[in-house]
Amino acid sequence: MDYSKTLNLPRTNFPMRARLPEKEPEILKFWQEERVYSKIRERKQGSPKFILHDGPPYANGDIHLGQVLNKILKDVIVKFKTMQGFDAPYVPGWDCHGLPVEHQLFKQLGINKSEIPQLEFRKKAREYAAHYVEKQKGQFKRLGVLGRWEKPYLTMDREYESEIVSAFGTLYRKGYIYKGFKPVHWCPQCQTALAEAEIEYKDKISHSIYVKFLLKNYPSPLKTSLPVYLVIWTTTPWTLPANRAVALHPKFSYVFVRFNQEVLLLAKETMGRVRKEVALQEGKTLAEFPGKDLEGLTYSQPITGEGLKTVMADFVTVEEGTGCVHIAPGHGEEDYFLGLKYHLPVVSPVNDEGRFLDSVHKFAGMSVFEANDPIIAWLKKRGWLLSSGKISHSYPHCWRCGGPLILRATPQWFLGVDKHNLRKKAMELVREKVGWIPSWSQSRMLGMLEKRPDWCLSRQRYWGVGIPVVYCTNPDCPRKGRVLQEEQVFESIASKVREKGSDVWFEEKVEALIPPGFSCPECGKKQFEKEEDIIDVWFESGISHRSVLAREESLRDPADMYIEGSDQHRGWFQTSLLTAVALGERPPFKKVFTHGFVVDAQGKKMSKSLGNVVDPAKIIDRWGAEILRLWVCLEDYTQDIRVSQEIIGQTIDIYRRIRNSYRFLLGNLHDFCFPENAVKSEEMREIDRCVLSQLQSLIKKVTAHYESFRFYEAFHLIHHFTSTRLSAFFFDVLKDRLYTFSRNSGERRSAQTALYHLLMTLIHLTAPVLSFTSEEVWLSIRKNNPELMSDHHISLRDSIFLSSWPEVDEDLIDEELEKKWEEILKVREEVLKVLEEKRQSKVVASSLEAKVVIEAPSHLLSLLASLGDELKEVLIVSQIELKEAEDLIVRVKKAEGGKCLRCWNYSPRVGENKKYPTLCERCWGVVDSLCVFS
RNA sequence: GGGCUCAUAGCUCAAGUGGCUAGAGCGCUGUCCUGAUAAGGCAGAGGUUCCUGGUUCAAGUCCAGGUGAGCCCA
């Protein structure tokens, strides 16, 4: 006779195999059709807000793992806060203007800037950006990220663009923005100035030359009839035409040394090294001076022959070069600032293409890189070249075209970081008003703020918002070229942009942009010209606190949290902070959360050249987005996080364990109604109560970890609980009771009550991360066993994200009980070890074939005895004999009697019952009762 | 070169203010079960806590210097 039909075996059609790549789109469809995000918004009206402000990714290309990491973290936080009861809207955004779109598009079109009118190009750029917004939107949604996808914010929206104009105007009027002439990183290929964020440093082979500058005078103690030269070292011979000074360190010691028929001046400490590098014999030191005594010496400019002076500078080093530094204020940042101090002219005789102007007679028209060799040749001819070689060093390159950059002084617009104490104020707020996670993120921000130069806001490009500045061009105006800074001018431009988009600046004549009839307040004329440069995209995204947070009704400025990769300390965190402080005297965020970068198995960054780039789409197609979500949340993302086949494999294993536990729970709850079949806590079996008590502390800890954004701690705990507490212990022990006891028995219902709470709690605790699976379980319950949710406060129609976060039920916590069971578990561990030995020696196979004899000290013995028959269930053995002894000793024997064909337990009484000769005493009762009812 | 940061079993993570024989889980190996079954149970083997010094009765933990890695800057 087959008794398996008389058992209560698990029943569910929740599949063991997830088939996530197929299942996930169904869940996404459900969220879409049920308008889950909108419903959440409706229901949370009036709840306390939690605003996580999305940093806009760049609308170009497919999403990479870094963006996956970022968006998933944001989604987990938003979902957690939502389930906790907050109104936590998520409005995603995109950064749409700027060089990367331009470059890609020019590449795609196969033309350059000069071959297409700006307006025509801008139209295509807009389409291009819009295309990638849609593409990335689909990819982000595929990750399971809930948000206001149907109305994201775009930096190329007219309203947004208008805010950019008005923010610029306000900052200009407040005196933060100025026009300067300053060396900036310039890409001769792209013909544009580059922001710091657009520069990549990589190795480049450069010239390395030592050059003699003839000194026209020198300190009197030195007496010689030989020519005296100071020696400089440079890797950019082409900057020599722009040389305006030579800097020495005031504290270094300098020597005049005679080599053959000439005398050279250089820092004493550099002597040995320089002599080796330029292959000079040992010379004779004629005199030695501290640097400060050598200020104001006159030398002959090597290219122009002008008489120029030596100056003092602290940044001079002896690590490289000669301690005498060639200064070209038009071609170097430090040089520029030193130039300000000494009133040196900013000379930069190079045009947009990086070619020398006519003023550089000898080399006019040459590109600066081509000019290096002729310059060196020229120096050599004059006898001023001491040595010439090559050096490989880190050099700035254009992030888009990859070409080497030059520093070139051009008229640019700047945001003055020290205007109105902006830097100081920002740093103070960073220190006092913003929470930084992890904490070191604060010192990083401070360090960067402290040292950052003024922010170059202008770009000589096509795709962006025009700098909204109008000049008076009347040649007779007392201040020709002055900017119209009247508020109504900026307002007029902003409103035009709001009406027609930023193209209006390039389409319309200047008169149509300023207020009708407006005339120059200075000269009364109406001759105007508009600025041609466009605004740095970092400024655009940097004001999102104003254009998005402050303007969107559902949002709020400041945001509760910004969360981005650690590179954004220099990027968005900083540009947002600076603009917010300048505009409104406060930071745009209460908390800043930083995550690391995704690196490969060895911890190396991903790059095309290393060939170690992992494409998220491949993982999604093969394993599902859920695996990516879990992966993110198993790692400590305050550091860089690794990805590899092995790590993904491990994530899949962990996923399977959790999923199977859900399946087991569902299967064993198929005939359980809540609350009808639920057993009151005080009537439950001890072990069931014990697990529920442990579940409460799991809720506590997991919630705390979510609250401190340490999802990996939460998930390691959940996984640990699921594997060890549930799968390896509770579920295993419970099987006998669930399967063999009569369906409606108190014992079985007690177990199910525990299982019910476990299932409901766990799917909620995992929902922010395992969103697809938790929702799938939720949907499965509603479809297959709605009776499980007859609990009135759970609405069947809703997504799991409309239900709330599990609360700790203090009544279920029983620490005494947990302690007691810890003792029992220790005994169980001992029993399992002995069982394993007996299994190895083939005495028993299944543990149910065993009878266990436990000798234990009296207190432990009484503890075990108190469990009665439950003890053998806990140990999953057929018989138990308890004896008193000094120490714990466990022995295992073959169980007595025969095997019950129904429950597989052994009992001496099997065979006693004539009606059921193959069943044990417990089962024949159960089977009998079944027959009575059937 | 400078700023910030990281380094603990094959992998992912633990080890308040220095006090353990450095812990989990996964994976691995062996094994049992076949009523969670492309599941589940049990047992076992895995660590010079990156290296070198130092402080201390005591260092994975503190200090200094290396090495490797990441972000940012020059």
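Lettering of chains follows the sequences in order, A, B, ..., and the numbering in each one begins at 1.
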For this session: For A:N668, report the nucleic acid contact type (base, sugar-phosphate, nothing); a contact means any heavy atom under 4.0 Å.
Result: nothing

For this session: Mind checking A:L634 for me? I need base, sugar-phosphate or nothing, with any heavy atom below 4.0 Å counting as a touch.
Result: sugar-phosphate

Exercise. If we ignore angles and hydrogens, is there a donor and acceptor under 3.5 Å between the side chains of A:T239 and A:H326?
Worked result: yes

For this session: Check the distance between B:G1's P and A:E333's CD and give it to me in whole angstrom.
Result: 21 Å

Problem set entry | Under 3.5 Å side-chain donor-acceptor pair for A:Y662 and A:S780 | no

Exercise. Base of B:G46 relative to its sugar, syn (within 90° of 0) or anti?
Worked result: syn

Problem set entry | Along RNA chain B (nearest heavy atom to each residue), the more 5'-positioned of A:A601 and A:L726 | A:A601

Exercise. What is the distance from CD of A:E830 to C1' of B:C42, rounded to the nearest Å?
Worked result: 14 Å

Problem set entry | Side chain of A:S727 (C-beta onward), nearest among B:A36, B:A24, B:U12 | B:A36

Exercise. So, is A:Y395 close to the B:A74 phosphate, meaning a side-chain N or O under 4.0 Å from OP1 or OP2?
Worked result: no

For this session: Taking only Lys NZ, Arg NE, NH1 and NH2, and the carboxylate oxygens of Asp or Glu, determine whether A:K838 and A:E849 approach each other closer than 4.0 Å.
Result: no

Exercise. Heavy atoms under 4.0 Å, any strand shown: does A:G447 hit a base, just sugar-phosphate, or nothing?
Worked result: nothing

For this session: Using the P atoms only, state how far B:G19 lies from B:C63, rounded to an integer number of Å.
Result: 15 Å

Problem set entry | Separation of atom CG in A:L630 from atom P in B:C26, rounded to whole Å | 14 Å

Exercise. Contact class for A:E836 (heavy atom, under 4.0 Å): base, sugar-phosphate, or nothing?
Worked result: base

Seminar exercise, completed: When every non-hydrogen atom of A:L901 is compared with those of A:L919, the smallest separation belongs to N-CD2, 4.4 Å

Exercise. Atom CD of A:Q840 and atom P of B:C32: how far apart are they, to the nearest Å?
Worked result: 8 Å

For this session: Examine B:A36: is either OP1 or OP2 under 4.0 Å from a nitrogen or oxygen in the side chain of A:Y662? Give yes or no.
Result: no

For this session: Would you mind classifying the nucleic acid contact of A:R902 as base, sugar-phosphate or nothing, using non-hydrogen atoms under 4.0 angstrom?
Result: base

For this session: Tell me whether A:W904 is stacked on the nucleobase of B:G35, counting only the six-membered base ring and applying the 5.5 Å and 30° thresholds.
Result: yes

For this session: For A:R663, answer base if it contacts any base atom (sugar-phosphate contacts may also be present), sugar-phosphate if it contacts only those atoms, and nothing otherwise; contact means non-hydrogen atoms under 4.0 Å.
Result: sugar-phosphate

Exercise. Within the structure shown, what part of the strands sits under 4.0 Å from A:F715 by heavy-atom distance: base, sugar-phosphate, or nothing?
Worked result: nothing

Exercise. Would you say the side-chain atoms of A:T12 and A:H670 include a donor-acceptor pair closer than 3.5 Å?
Worked result: no

Exercise. Below 3.5 Å, does any donor atom in the side chain of A:K605 face an acceptor in the base of B:A69, or the other way round?
Worked result: no

Exercise. So what does A:T724 touch, heavy atoms closer than 4.0 Å: a base, only the sugar-phosphate, or nothing?
Worked result: sugar-phosphate

Problem set entry | For atom CD of A:Q650 and atom P of B:C11, their distance in whole Å | 10 Å

Seminar exercise, completed: Whole-Å distance, A:L446 CG to B:C73 C1', equals 16 Å

Exercise. So, are A:R839 and A:E836 salt-bridged, with charged N and O less than 4.0 Å apart?
Worked result: yes

For this session: Would you mind telling me which of B:G25, B:G2, B:C42 lies closest to the side-chain atoms of A:K451?
Result: B:G2

Exercise. With a 4.0 Å cut-off on heavy atoms, is A:H716 in touch with a base, just the backbone sugar-phosphate, or nothing at all?
Worked result: base

Exercise. Whole Å only: how far is the OH atom of A:Y655 from the C1' atom of B:C11?
Worked result: 21 Å

Exercise. Within less than 4.0 Å of OP1 or OP2 of B:G41, is there a side-chain N or O belonging to A:R657?
Worked result: yes

For this session: Report which part of the nucleic acid A:K842 touches: base, sugar-phosphate, or nothing (heavy-atom distance under 4.0 Å, all strands).
Result: sugar-phosphate

Problem set entry | Base B:C6 to side chain A:Q639, donor-acceptor N/O within 3.5 Å cut-off | no

Exercise. Got a sec: does the CD of A:E747 have more than 12 other heavy atoms crowding it under 6.0 Å?
Worked result: yes

Problem set entry | Identity of whatever pairs with B:C33 - Watson-Crick or G-U, under 3.5 angstrom | none

For this session: Indicate, with a heavy-atom threshold strictly under 4.0 Å, whether A:N660 touches base, sugar-phosphate, or nothing.
Result: base

